[in-house]
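Only one structure is covered here, and it is reproduced in the block below.
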Amino acid sequence: VQVVESGGGLVQAGGSLRLSCGVSGRMAMNYDMGWFRQAPGKEREFVAAINWSSTYTTYADSVKGRFTISRDNAKNTVYLQMNDLKPEDTAVYYCNAILLVNGDYREDRGSRTLGSWGQGTQVTVSS
């Protein structure tokens, strides 16, 4: 599975952005998909995930109620709608195919990423 992220940019606190993740590869849209982010000097962290049929979504506590993940399998695209952005959301955002466990992304229970990382898309939120 290969991915290309887009849609990042510079936005003021309280603003919104929608990220897109184009997915390609054999049976690409049969995979569960996730968004991750990496801020300067920090490790990459999980943000949100959606299963292949859009029946389950799960979010990091830091973005619950503000971010919404969705997918359009006909367009081979996964989206991340980000509202009420905060300066601490500043990071490079990545998507990847993932393995959910019981509808949740928990690396301590066997969840993991499955594909190659893309180049990511930079999101910068000014205060």
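The shown structure was predicted, so the numbers you read here are calculated from the model rather than taken from an experiment. All values below were derived from every heavy atom in this structure, side-chain atoms included, with hydrogens, water molecules and symmetry-related copies excluded.
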So, taking the atom named [atom1] in [X] and the one named [atom2] in [Y], what distance separates them when rounded to the nearest 0.5 Å?
{"X": "W117", "Y": "Y94", "atom1": "CH2", "atom2": "OH", "result": "8.5 Å"}
{"X": "N83", "Y": "T68", "atom1": "CG", "atom2": "OG1", "result": "6.5 Å"}
{"X": "R18", "Y": "M82", "atom1": "CZ", "atom2": "CE", "result": "11.5 Å"}
{"X": "M33", "Y": "N73", "atom1": "CE", "atom2": "CG", "result": "10.0 Å"}
{"X": "D32", "Y": "T58", "atom1": "CG", "atom2": "OG1", "result": "11.5 Å"}
{"X": "Q12", "Y": "S127", "atom1": "CD", "atom2": "OG", "result": "9.5 Å"}

Check whether any side-chain N or O of [X] sits under 3.5 Å from a backbone N or O of [Y] as a donor-acceptor pair, and report yes or no.
{"X": "S111", "Y": "L99", "result": "yes"}
{"X": "E5", "Y": "C95", "result": "yes"}
{"X": "Y59", "Y": "I69", "result": "yes"}
{"X": "N96", "Y": "G115", "result": "yes"}
{"X": "T90", "Y": "V125", "result": "yes"}
{"X": "R44", "Y": "V92", "result": "no"}

Step-by-step side chain to side chain contact (heavy atoms under 4.5 Å, CB included) determination, Y105 to V47: CA-CA 10 Å; Y105 188 82; V47 174; over 6 Å; no
Taking a hydrophobic cluster as the set of Ile, Leu, Val, Met, Phe, Trp and Tyr residues connected by side-chain heavy atoms closer than 4.5 Å, whether directly or through intermediates, do [X] and [Y] fall within one such cluster?
{"X": "M29", "Y": "L114", "value": "yes"}
{"X": "F46", "Y": "V3", "value": "no"}
{"X": "L17", "Y": "V63", "value": "yes"}
{"X": "W52", "Y": "Y79", "value": "no"}
{"X": "V1", "Y": "I50", "value": "yes"}

[X] and [Y] ion-paired at < 4.0 Å:
{"X": "K64", "Y": "D61", "answer": "yes"}
{"X": "D89", "Y": "R66", "answer": "yes"}
{"X": "E107", "Y": "R112", "answer": "no"}

Stepwise side chain to side chain contact (heavy atoms under 4.5 Å, CB included) test for S16 and Q81: CA-CA 8 Å; S16 298; Q81 177 66 44; 4.0 Å; yes
Minimum side-chain heavy-atom gap V23-V78 below 4.5 Å: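 V23 vs V78: side chains touch.
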Residue pair Y56 / N102, side-chain heavy-atom distance below 4.5 Å: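 No, side chains not in contact.
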Atom of S20, atom of T77 and distance for their closest heavy-atom approach: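 S20 and T77 have their closest heavy atoms at CB-CG2, 4.2 Å.
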Candidate pair W35 and F67, rule ring pair (Phe, Tyr, Trp, His ring centres under 6.0 Å), full reasoning: CA-CA 11 Å; W35 282 97; F67 290 12; 9.9 Å; no
Side chain to side chain contact (heavy atoms under 4.5 Å, CB included) assessment of S62 paired with R37: CA-CA 12 Å; S62 58; R37 67 186 181 187; 3.4 Å; yes
